[in-house]
Every structure is written in C-alpha cells, then in structure tokens.
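A quick write-up on the structure given underneath.
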Amino acid sequence: SMKETLSDGTTKLQALKSAATAFVTSVQKDAQNNNVNHRIAIVGFGGDSSTSTPYNATELLSTESTVSYASHNTATSSTITAQQYQDALVSANVNGSVNTRLTNAINAVRAGSYTFANFGLELAKGVLDNRTETTYTTADGAEESRKTVVVFFTDGYPGRHTTERFYDGKSSGVSADYVTVTTANKAIQAANSLKKSGATVYSVGILNSANPAANYNFTRTTNKDDIE
C-alpha cells in the first residue's frame, strides 16, 4: 500500500508525489528552455477495501474536474468520452511555471488498499488514443510525429479485491489470488498495447529493497515480497 512508510520515514505516497513533481518540473523546464509544447496527463489507479467502491482512486486527475473510472465503466463498456480524455492532456509549461492542473493532479493522488495497474494503463492509452495533435513543427518547418511516453509509478504489488467484478464478466466473488494474477497479466497486456501503439513505457518503483535486475515469471505462487 502507498500508505506504508519507507526506510527514511516518508510514506510511499509522499515519495511518489515527490518523484512525480520532479519529473513534471523537468519536463516543464525543457519545454520552456526549448520553446516546445510538452504535454502531460496524470491518472491515478487504486481503491479501498469497500465492496461498493473498489476503484474510488482510479481516475483521470489532470482534467478540469476529476473523472472517476468506476463511475464510467461496467464489466462490458466504458463511457469516458473522447473529450474527457483530451481534457486530461495539458501543456506542462504555462507562463514559465508548471501547469497548475498538473500540480493539483499530483496533490490529488490518493493511497488505497488496492493497486489496479491495468486500469491505470488503460486510462493512459485512452489519453493517447484520443489526442487531437499527434505531430509538431520543428524549427526548420518540418512536420514530425510527437513522441509518446508513459511513466508508470507503482509500489509494485497488484491489487487484491475478492469482489472484483470486472474480470472476465464475473459478477460474484473470486479469490484474491485470482485477482492478483489477473491484474498483473492484464497490466502487462495493457503495457504491451501501449508499446505497440508507439509509446515508450517506463516503470518506477516506490519501494524498499527493490531488485531491478530480477527477471520474475509472475505465477500464482510468486511471493509478493519478490516483486516489491
């Protein structure tokens, strides 16, 4: 959980917000210094232990008003509109400062009991798929494709919710183990879909004792401590 404390005394959530702020600031500075319009969208993915609102922290955060995943999705359909996805993608630099929409979005990130990485990546793909500007004009007048990057911040452990109702159309309870494996596999599939669409995906772990050199084959028996 992002509520857990790291070895330096800060919570994972505080560390995530600090890292995200540093990243956004660096993008804003590059945009300002090179007179380019870098754009960023921020989404959250998580939820609490409530059976009625397991996705209450899974949302588009950089929109004018927060757009909740749970309020717009069922087991078979999504009603998040193209306009809402477009509204989430905003200029990093506004008058020489970080866009306040991005600052507010980072501040709005919430810690919950469950980590629905697959839904976060699904929201990211929705933002990229609904862009209205996919090219930019270089200094010499050439038209170039915009590069797309997804930076995925996580504490490393997939969500566990035994009443997960989105998986495979199941309306009744399923095992926590089933949900963990399904979440991990669907997150990998979502990341692969992003890559196939031309995006570069980076993963950033907010955790203690991570081993970036490890090559884990995630199975039902994988120890959660191995992937944190």
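Side chains are part of it too, since the values below use all heavy atoms of this structure and drop only hydrogens, waters and symmetry mates. Count residues from 1 along the sequence. Treat the numbers as computed from the prediction; the structure is a model and nothing was measured.
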Considering all heavy atoms of both residues, which atom of [X] and which atom of [Y] are nearest to each other, and what is their separation?
X    : Y    : answer
F153 : A19  : CE2-CB, 3.7 Å
L102 : A92  : CD1-CA, 3.8 Å
L61  : A108 : CD2-CB, 4.2 Å

Salt bridge (Lys or Arg N to Asp or Glu O under 4.0 Å) against [X], all qualifying residues, sequence neighbours excluded:
X    : value
K125 : D129
E133 : R146
E64  : R101

Same apolar cluster (I L V M F W Y, side chains within < 4.5 Å links), [X]/[Y]:
X    : Y    : value
V27  : L16  : yes
V149 : Y136 : no
L13  : V151 : yes

(message) Surrounding CG of N33 (heavy atoms of other residues, nucleotides or ligands, distance under 6.0 Å), is the total greater than 12?
(response) yes
(request) Tell me, yes or no, whether the heavy-atom count around N95 atom CG, taken from other residues, nucleotides or ligands under 6.0 Å, exceeds 12. (result) no
Considering residues at least two apart in sequence or located in another chain, which fulfil the side-chain contact (heavy atoms from CB on, under 4.5 Å) criterion with [X]?
X    : answer
A41  : S62, A88, L89, V127
N34  : D30, V36
V43  : L60, L123
S203 : F152

Distance-only donor-acceptor pairs under 3.5 Å for side chains of residues 190-200, two or more places apart:
| from | atom 1 | to | atom 2 | distance (Å) |
| --- | --- | --- | --- | --- |
| S197 | OG | L194 | O | 2.6 |

Please identify each residue that fulfils side-chain hydrogen bond (donor to acceptor under 3.5 Å, both in side chains) with [X], with sequence neighbours left out.
X    : value
N99  : none
N130 : none
Q32  : Q28
T137 : E143

Report the distance from atom [atom1] of [X] to atom [atom2] of [Y], rounding to the nearest 0.5 Å.
X    : Y    : atom1 : atom2 : answer
F45  : L121 : CZ    : CG    : 7.0 Å
H38  : K29  : NE2   : NZ    : 13.0 Å
T148 : R39  : OG1   : CZ    : 11.0 Å
T134 : K147 : OG1   : NZ    : 15.0 Å
D87  : Q83  : CG    : CD    : 6.5 Å

(message) So I106 and I42, do their side chains get closer than 4.5 Å, heavy atoms only?
(response) yes
(message) I'd like to know if K186 pairs up with E122 as an ion pair, taking the criterion as any Lys NZ or Arg NE/NH1/NH2 lying under 4.0 Å from an Asp or Glu carboxylate oxygen.
(response) no
(request) Go through V90 and I40 one step at a time and tell me if the side chain to side chain contact (heavy atoms under 4.5 Å, CB included) criterion holds. (result) CA-CA 5 Å; V90 299; I40 297 176; 5.6 Å; no
(message) Testing the 3.5 Å rule here: is there a donor-acceptor pair between the side chains of N37 and S91?
(response) yes
